[in-house]
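Please read the structure below before turning to the comments.
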Amino acid sequence: MTKVISPSSPAARKRRMAPLEPVSPAMKWVLGTGFFVLFVVIWSIVTLGGFVSPTFLASPMTMVREGITLFTEYDFLNDIGMTVWRVMGGFILASIVAVPLGIAMGAWKPVEAFFEPFVSFCRYLPASAFIPLLILWAGVGETQKLLVIYIGSVFQITLMVAVTVGGARKDLVEAAYTLGASNTGIVRRVLIPGAAPGIAETLRLVLGWAWTYVIVAELIGSSSGIGHMITDSQALLNTGQIIFGIIVIGLIGLVSDFIFKTINRRMFEWSTL
């Protein structure tokens with residue numbers, strides 16, 4: 001006879017913490033929110049308990065007051081808008097160039113052999129190292145900041161897209177040839193649709209990196225943006241405003257990441273089947 005294990009048995013309970021065992025969406029929200037609550041509690045204890053000087057770390061309440069001041073007295077909404085515009089502008093420009101190039105590198109090996117060494121070399125160059133040159137070439141206006149984000153994103157997207165497209169299943173390619181598909185038809189009807197979810201995930205990840213590049217660009221030679229506000233606050237030793245700016249960046253990034261994930265799930269529902 002087969003032994004039936006009841007849901008309350010030890011074996012069933014152990015499955016809850018088993019490797020790769022999924023959790024419910026509600027539990028994800030509870031656990032994720034719980035960490036933020038714990039973080040704020042520890043932060044409050046450290047600052048309000050006098051363990052750290054307010055000069056070096058503002059308390060959560062001070063941070064909130066300084067954030068309200070930024071919105072009411074210093075037009076912080078304009079800074080947020082400028083930063084978001086720079087991130088999206090540079091990221092979109094990089095995507096327009098990198099996605100087609102990455103698809104070509106992944107699909108055609110001669111193209112990959114031609115571009116891959118240079119792209120791999122540039123991928124390791126920090127975008128911040130180009131800022132002095134970009135200021136000389138483009139000044140301290142918007143073009144310089146867009147180029148910093150472009151340089152920081154384009155090579156990463158190109159290589160990641162190339163790897164995704166190049167990892168297509170060979171049996172699907174051979175089956176398409178058997179059915180009479182041409183070389184360009186293989187790319188259009190097999191490689192690109194198969195790699196589309198991976199390409200979308202690549203763009204989501206690199207968008208997060210683009211936020212680090214824009215802050216670096218705004219720290220130097222900028223008169224607006226979140227990075228500019230952080231620089232001004234650092235000069236005044238206003239850690240409340242610095243922390244608030246960092247948190248705003250994280251919140252915007254979290255929202256954009258959630259939007260990207262939602263769009264990807266709606267567009268590529270078949271990829272999870």
Where do Arg86 and Ser224 land on the side-chain hydrogen bond (donor to acceptor under 3.5 Å, both in side chains) test, with the steps shown first? CA-CA 11 Å; Arg86 290 161 182 163; Ser224 62; 2.9 Å; yes

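- Leu93 places none of its side-chain heavy atoms less than 4.5 Å from the side chain of Val97.
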Start with the C-alpha distance between Glu201 and Met160, add both sets of side-chain angles, then the distance that settles side chain to side chain contact (heavy atoms under 4.5 Å, CB included), and finish with yes or no. CA-CA 10 Å; Glu201 187 67 12; Met160 294 174 72; over 6 Å; no

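- From Ile230, atom CD1 reaches atom CD1 of Ile242 across 7.5 Å, with rounding to the nearest 0.5 Å.
- Between Val99 and Leu203 the shortest side-chain heavy-atom distance falls below 4.5 Å.
- The distance from atom NZ of Lys261 to atom CZ of Arg204, rounded to the nearest 0.5 Å, is 5.0 Å.
- Follow the hydrophobic side-chain contacts under 4.5 Å out from Met82 and you never reach Tyr150; the two are in separate clusters.
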Does Tyr74 form a side-chain hydrogen bond (donor to acceptor under 3.5 Å, both in side chains) with Asp232? I'd like the steps, not just the answer. CA-CA 12 Å; Tyr74 296 102; Asp232 285 352; over 6 Å; no

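- Note: Ile135 CD1 to Leu147 CG = 11.5 Å, rounded to the nearest 0.5 Å.
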Stepwise side chain to side chain contact (heavy atoms under 4.5 Å, CB included) check, Val206 with Thr202: CA-CA 6 Å; Val206 177; Thr202 292; 4.3 Å; yes

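- Side-chain contact check for Thr47 versus Pro60: some heavy-atom pair is nearer than 4.5 Å.
- Counting only heavy atoms from C-beta outward, the side chains of Val87 and Tyr213 never approach each other to under 4.5 Å.
- The hydrophobic cluster containing Trp85 also includes Leu146, under a criterion of side-chain heavy atoms closer than 4.5 Å among ILVMFWY residues, counted directly or through chains of members.
- Residue Trp211 comes nearest to Ser256 through the heavy atom pair NE1-OG, 4.4 Å, listed as atom of the first residue, atom of the second, then distance.
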Working note: Leu48 + Trp43, criterion side chain to side chain contact (heavy atoms under 4.5 Å, CB included); need CA distance, chi angles, decisive distance, verdict. CA-CA 8 Å; Leu48 298 177; Trp43 177 13; over 6 Å; no

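- Between Val173 and Leu191, the closest side-chain pair of non-hydrogen atoms falls below 4.5 Å.
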Verdict with supporting geometry, Arg265 and Thr262, side chain to side chain contact (heavy atoms under 4.5 Å, CB included): CA-CA 5 Å; Arg265 282 198 298 266; Thr262 303; 3.7 Å; yes

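- Counting heavy atoms from C-beta on, the side chains of Ile243 and Glu66 never come closer than 4.5 Å.
- Hydrophobic clustering, with ILVMFWY side chains joined whenever heavy atoms are under 4.5 angstrom apart, groups Val248 together with Leu251.
- The environment of Phe71 atom CZ is dense: over 12 non-hydrogen atoms of other residues, nucleotides or ligands sit within 6.0 angstrom.
- Closest approach of Ser153 to Ala210, counting heavy atoms only: OG-CB, 3.9 Å.
- With hydrogens and angles disregarded, a donor-acceptor distance shorter than 3.5 Å links the side chain of Thr69 to the backbone of Arg65.
- Asn238 contributes no side-chain N or O that, together with a main-chain N or O of Ser233, makes up a donor-acceptor pair within less than 3.5 Å.
- Counting heavy-atom neighbours within 6.0 Å of Arg189 CZ, excluding the residue itself, gives a total of 12 or less.
- Using a cut-off of 4.0 Å between Lys/Arg side-chain N and Asp/Glu carboxylate O, Lys109 and Glu112 are scored as salt-bridged.
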Acceptor/donor pairs from residues 113-134 side chains to any protein atom, 3.5 angstrom cut, sequence neighbours excluded:
| unit_1 | atom_1 | unit_2 | atom_2 | d |
| --- | --- | --- | --- | --- |
| Glu116 | OE2 | Ser120 | OG | 2.6 |
| Ser120 | OG | Glu116 | O | 2.9 |

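- Side-chain contact between Thr212 and Val216: absent, with no pair of heavy atoms (C-beta onward) separated by less than 4.5 Å.
- Residues Val190 and Ala176 share a closest heavy-atom pair of CG2-CB, 3.7 Å.
- The hydrophobic cluster containing Val37 does not contain Trp29, counting ILVMFWY residues as joined when their side-chain heavy atoms lie under 4.5 angstrom apart, directly or transitively.
- Here the closest non-hydrogen pair linking Ala107 and Val165 is N-CG1, 4.0 Å.
- Of the inter-residue distances, the one linking Phe76 atom CZ with Ile226 atom CD1 reads 4.5 Å to the nearest 0.5 angstrom.
- By the 4.5 Å side-chain criterion applied to Ile, Leu, Val, Met, Phe, Trp and Tyr, Leu236 is assigned to no cluster and stands alone.
- A continuous path of Ile, Leu, Val, Met, Phe, Trp and Tyr side chains, each step under 4.5 Å between heavy atoms, connects Leu38 with Val52, placing both in one hydrophobic cluster.
- With rounding to the nearest 0.5 angstrom, the OG1 atom of Thr231 is 8.5 Å from the CD atom of Glu218.
- Contact record, Pro193 with Arg188: CD-O, 3.2 Å, taken as the closest heavy-atom pair.
- Residues Ser59 and Thr62 are in side-chain contact: their nearest non-hydrogen atoms beyond the backbone lie under 4.5 Å apart.
- Residues Phe39 and Phe56 are members of one and the same hydrophobic cluster, defined by side-chain heavy-atom contacts under 4.5 angstrom among Ile, Leu, Val, Met, Phe, Trp and Tyr.
- Within the model, atoms OG1 of Thr239 and CZ of Phe244 stand 14.0 Å from one another, a figure rounded to the nearest 0.5 Å.
- Heavy-atom minimum distance, Gly227 versus Ile215: N-CD1, 4.0 Å.
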